[in-house]
2 protein chains.
Amino acid sequence: MGEVNEPRSECPINAAIEAFGDRWSLIVLRDIVFGDRRYFRELQANSIEGIASNILADRLKRLVKSGLLTREDTRPGQRARYSLTEPAIQLVPVFAQLGSWGLRHRPTSSALRVRAVLLEQGGPALWQEFMDELRREHLGSKLPARSPSVRERLNAAYLAATNSS
Amino acid sequence: MGEVNEPRSECPINAAIEAFGDRWSLIVLRDIVFGDRRYFRELQANSIEGIASNILADRLKRLVKSGLLTREDTRPGQRARYSLTEPAIQLVPVFAQLGSWGLRHRPTSSALRVRAVLLEQGGPALWQEFMDELRREHLGSKLPARSPSVRERLNAAYLAATNSS
DNA sequence: GACGAGTGGTTGCAAATCACAAGCGGAAGG
DNA sequence: CCTTCCGCTTGTGATTTGCAACCACTCGTC
């Protein structure tokens with residue numbers, strides 16, 4: 001990916017594409033945001049698309065460099081936790097719209113569809129709540145938490161769908 | 001791009017990425033949606049990112065095959081018009097969110113930013129109006145038109161920004 | 001203090017894709 | 001005819017992808 005160079009244009013849509021418009025960046029971010037994966041091995045082992053380790057390493061490095069993730073700095077050989085930054089947290093509405101689109105126009109499994117349905121039904125209010133939750137988990141925000149959390153609700157719906165199908 | 005094969009997963013977000021998650025597909029669609037380009041040469045000549053003709057040809061072909069565009073069928077050597085399909089028109093909210101993100105988190109030129117700002121301010125109601133407009137232009141919908149059209153408003157704002165800067 | 005499991009990666013390689021420039025066959029107008 | 005416009009196609013080298021194997025390091029256990 002050539003996004004290391006200067007941007008092709010100064011269009012905001014193009015800027016977004018250059019930041020995460022490839023076949024893997026959004027997949028990695030999706031797994032961190034919705035799947036709560038924080039470590040390299042977690043991301044690789046649980047990837048439903050089966051990401052290769054070199055691609056994962058490359059994307060994580062690039063996302064850190066471009067300000068979408070931060071990496072806990074550890075000595076080599078130790079677990080390093082990745083955290084979302086505020087720009088990455090603000091991708092939640094993008095994920096919601098992508099999910100709504102995929103839901104409508106492509107065949108998807110009923111289990112994996114559930115999260116997108118809920119996110120669509122909840123609308124911007126739910127997205128905001130989820131973003132606040134991510135700020136708490138990833139940025140140490142002290143905003144008051146609600147129970148059950150959005151992620152708990154999303155996962156409960158996902159599990160219900162996998163069992164009933 | 002390997003999107004011709006079977007999908008990597010049945011996740012709606014992944015489905016969206018496989019449909020248009022590369023460095024050029026959304027750029028082409030953006031120019032058709034917001035720039036009102038309908039012909040190959042228009043798309044190539046006016047591309048601010050400078051798309052190469054083989055890439056453009058490949059993307060158009062793929063977008064037609066995947067149901068996002070239709071191509072007027074003409075004899076070779078004649079102008080062929082491309083039209084958006086309903087799934088492509090429903091990308092408007094995706095574009096709006098991508099624009100909002102790029103606006104906030106990446107440097108963009110004030111002129112090119114204007115459309116994204118307007119789309120954000122207008123919200124879902126404006127998106128719907130714009131989608132109806134696209135249905136009229138691309139699908140022959142007979143829904144009543146409003147004046148001035150959303151595109152006229154977006155372009156007027158864009159021109160005002162280019163002159164004042 | 002050697003061992004084995006777990007950590008986050010790197011390396012090599014073949015295949016696919018990208019980006020750039022040039023050229024091509026048909027159609028339309030004069 | 002000749003020119004211009006039309007949608008591409010064809011080379012070419014450079015980059016990226018996907019796959020599998022391998023690596024250096026740390027930590028807990030014996």
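Values in this document were obtained by computation on a predicted structure and should not be read as measured data. In the text below, chain A, chain B and the rest are named by the order of the sequence lines, each starting its count at 1.
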Nearest-0.5 Å distance that lies between atom CG in D132(B) and atom CZ in R146(B): 8.0 Å
Closest approach of L98(A) to A16(B) (non-hydrogen atoms, all atoms of both residues): O-CB, 3.8 Å
In whole Å, what is the span from the [atom1] atom of [X] to the [atom2] atom of [N]?
X	N	atom1	atom2	value
R79(B)	dA28(C)	CZ	P	12 Å
E49(A)	dT17(D)	CD	P	15 Å
E42(B)	dC6(D)	CD	P	9 Å
Y39(B)	dA27(C)	OH	C1'	15 Å
I51(B)	dT9(D)	CD1	P	14 Å
L69(A)	dG9(C)	CG	P	12 Å
L56(B)	dA21(C)	CG	P	16 Å
L63(B)	dG7(D)	CG	P	16 Å

Which donor-acceptor pairs under 3.5 Å do side chains of residues 71-82 of chain B form with protein atoms, sequence neighbours excluded?
unit_1, atom_1, unit_2, atom_2, d
R71(B), NH2, T74(B), OG1, 3.3
E72(B), OE1, R81(B), N, 2.8

Pair S83(B), R38(B): side-chain N/O donor-acceptor within cut-off below 3.5 Å: yes
Any Y82(B) side-chain nitrogen or oxygen under 4.0 Å from OP1 or OP2 of dC8(D): yes
Chi angles and distances behind the side chain to side chain donor-acceptor pair (under 3.5 Å) call for N14(B), E18(B): CA-CA 6 Å; N14(B) 178 64; E18(B) 294 199 359; 3.1 Å; yes
F95(B)/F130(B) aromatic ring centres below 6.0 Å: no
Contact letters for nucleotides 18-30 of chain D, in which S counts primed atoms plus P, OP1 and OP2 and B counts the base, heavy atoms under 4.0 Å: BB-B---BSS---
Sugar-phosphate only, base, or nothing, as touched by R81(B) at under 4.0 Å among non-hydrogen atoms: nothing
